[in-house]
Amino acid sequence: MEERQTLKKSLKPHWVWAIALGSSIGWGAFVQPTNWMSQAGPLGVIAGFGIGALLMMLIAVSYGFLIKSFPVSGGEFAYAFISLGRTHAFISGWFLTLGYICIVALNASAFALMFKYVFPALIENLHLYQIAGWNVYGMEIIIASAALGLFGFLNVRGTGLTGRMQFIFCSIMILGVLAITFLVGGQPGAGLSNISPAFPTGTTAFAAIISIVAIAPWAYVGFDNIPQAAEEFRFSSKKAFTLIILAILFAAVLYSLMIIATAMTQPWQGLVAEGQQWGTGAAIQDTVGTMGLVILVVALTMGVFTGLNGFIISSSRLLFAMSRAKIIPEAFSRLHPKYKTPYVGIIFTVIVSMFAPWFGREALIWVVDMSSIGVTIAYFYTCFTAFSLFKWSKDKDFNHKKHVVAPLKKTIAGVGMLASLTFLSLLLIPASPAFLGIESRIALISWILLGIIFYLAKRTEFNKIPKEELNYLILGNKKIEAKNRE
């Protein structure tokens, strides 16, 4: 049996927390508040994100247990293998790869969008074409590609460097959000009175809240970057659950503060009706002045940088784990000779993400929906695996090597499975307020067909690998018997 490639243990606890939080809070918290409020009203958005956070915490119970038991790169890919075997491992990994790469692309595109608002004369050069009514300029493609290239380069240099940077960026982002909230609250004419009415007049409170709950998998995706980095922990994997809960809690608070800060600037319905390209930016600038806009731009930049950094780390580790298991080409599990990072996966993620800015702003909406599907499927596999390993009692099937008697945790894992299926239903059922747009559905079907073709091409070779060898390649020295149900 060939020697298994492993990653260097270089990540400290506060760096890992920053990877999770910084990945959860990307461009959306700073760019989307007026769009969300038009859909659900200030209170609807805050309640929706609050409920979403609680559902994510239920799902996090399963993650905490599995990270502690199996601290290996690959996360949900490895967990699906443990409970359902190699075919489901491929499905989980394939959809999660989609989710992660989409979010890298999303952050790069949003970074260029911010430049377009702050420096329109600079960006509106080299006009190329229009897509869905949106002008695409060569300069925004150059800026997005430069950001991707920079973070790709830094990630190749090692997780010690990128982990430290992530914590610094996160700290600056948190301070920026707090500063904006207090500055707006202290302005004459601004205040909590502008937040009324709590919900839009044309919809029920329930429908408003549910429309926001539906995007929770996308809003909080990032805490699941922790299992992808588990192999590189320089600390006990038992701490993972606490780090995940803290990341989700901080994310919920930051989302809520940005909604409150935006809504306090002026009566929110009037702000939404203005239809500004960047409603939050315009509102903060009008209320606090240039200083407020500068703080907002810095916070947004940190949010984009932490998202880029966190998801390049995760997508490359996922590709590394799938390659190590021989599902995808072995090039992805090669480590850099000097920095010992999975550099092929990093370069691949960056290059694929560079296509997104060519499709304009509408591509952001398509990508959000796509990434939500990818990560929700991975959430389901994680909760299912935890549910199968937790037991109500020591029955005849109880195996001391892999099972744990934990009725409460088994119940929570079951609720997590239901929450994941609910999120999927909200995105896939036509009558749902969060139903995928036609472009997103076409892109999703294309990704599924590509996965089927890829799997069929590799299936014979993949299925020839003995179960024991695959168990070693994916899980390392763990002796748990993964089921093989093909």
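Applying the salt bridge (charged side-chain N to carboxylate O under 4.0 Å, His left out) definition to pairs two or more places apart or across chains, none involves residues 16-31. Sequence neighbours left out, the pairs with a member in residues 135-155 that pass salt bridge (charged side-chain N to carboxylate O under 4.0 Å, His left out) are Lys116-Glu140.
Listed by chain and residue number, Asn309 satisfy the side chain to side chain donor-acceptor pair (under 3.5 Å) test with Asn155 (two or more places apart in sequence, or in another chain). For Ser256, the side chain to side chain donor-acceptor pair (under 3.5 Å) test picks out no residue, with sequence neighbours left out. Residues that satisfy the side chain to side chain donor-acceptor pair (under 3.5 Å) test with Tyr381, not counting sequence neighbours, are His88. Contacts of Ser333 classified as side chain to side chain donor-acceptor pair (under 3.5 Å), with partners at least two apart in sequence or in another chain: Ser323.
When side chains are defined from C-beta on, Ile442 counts as touching Ser446, because their heavy atoms get closer than 4.5 Å. With contacts defined as side-chain heavy-atom distances shorter than 4.5 Å, the pair Phe151/Val104 does not qualify. At a threshold of 4.5 Å between non-hydrogen side-chain atoms, the residues Thr341 and Arg157 do not count as touching. Between Phe65 and Ser69 there is a side-chain heavy-atom pair separated by less than 4.5 Å. Here the side chains of Phe95 and Thr376 are not in contact, with every heavy-atom distance at 4.5 Å or above. Under the 4.5 Å side-chain criterion, counting only non-hydrogen atoms from C-beta, Phe320 is in contact with Glu231. A 4.5 Å side-chain heavy-atom check between Leu128 and Ile141 finds at least one atom pair inside the cut-off.
Although no hydrogens or angles enter the test, the distance criterion places no donor-acceptor pair under 3.5 Å between the side chain of Asn35 and the main chain of Gln32. Proximity of a side-chain donor or acceptor of Ser388 to a complementary backbone N or O of Thr385 within less than 3.5 Å is detected. The main-chain N or O of Phe387 is found under 3.5 Å from a side-chain atom of Lys410 such that the two form a donor-acceptor pair.
Within the 6.0 Å centre-distance limit, the rings of Phe332 and Phe348 are counted as a close aromatic pair. The distance between the ring centers of Trp94 and Tyr455 does not fall below 6.0 angstrom. Proximity of the aromatic rings of Phe250 and Trp17 is defined here by a centroid distance below 6.0 angstrom, and this criterion is met. Separation of the Trp278 and Phe30 ring centroids does not fall under the 6.0 Å cut-off.
How far CD of Gln5 is from NZ of Lys340: 8.0 Å, rounded to the nearest 0.5 Å. Rounded to the nearest 0.5 Å, atoms CZ (Phe423) and CG (Leu428) are 13.5 Å apart. Between the OH atom in Tyr63 and the CD1 atom in Ile226 there is a gap of 11.0 Å [rounded to 0.5 Å]. For the atom pair CZ of Arg459 and CD1 of Ile452, the computed distance is 12.0 Å after rounding to the nearest 0.5 Å. Note: Glu439 CD to Ile131 CD1 = 10.5 Å, rounded to the nearest 0.5 Å.
The side-chain contact (heavy atoms from CB on, under 4.5 Å) test with Phe311 is passed by exactly one of Ile19, Val221, Leu106: Val221. The only member of Lys8, Arg317, Lys9 that meets salt bridge (charged side-chain N to carboxylate O under 4.0 Å, His left out) when paired with Glu232 is Arg317.
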Next item on the list: Evaluate the criterion ring pair (Phe, Tyr, Trp, His ring centres under 6.0 Å) for residue pair Phe223 and Tyr379; output intermediate values, then yes/no.
Entry: CA-CA 11 Å; Phe223 77 81; Tyr379 290 164; 5.5 Å; yes
Next item on the list: Could you check Glu468 against Asn471 for side-chain hydrogen bond (donor to acceptor under 3.5 Å, both in side chains), going step by step and ending with a plain yes or no?
Entry: CA-CA 5 Å; Glu468 295 75 20; Asn471 194 55; over 6 Å; no
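In this structure, Phe115 and Phe111 have perpendicular ring planes: the angle between them is above 60°, well past the 30° mark.
For Thr349 and Ser315, the side-chain atoms include at least one donor-acceptor pair closer than 3.5 Å. A donor-acceptor pair shorter than 3.5 Å cannot be found between the side chains of Thr382 and Ser62.
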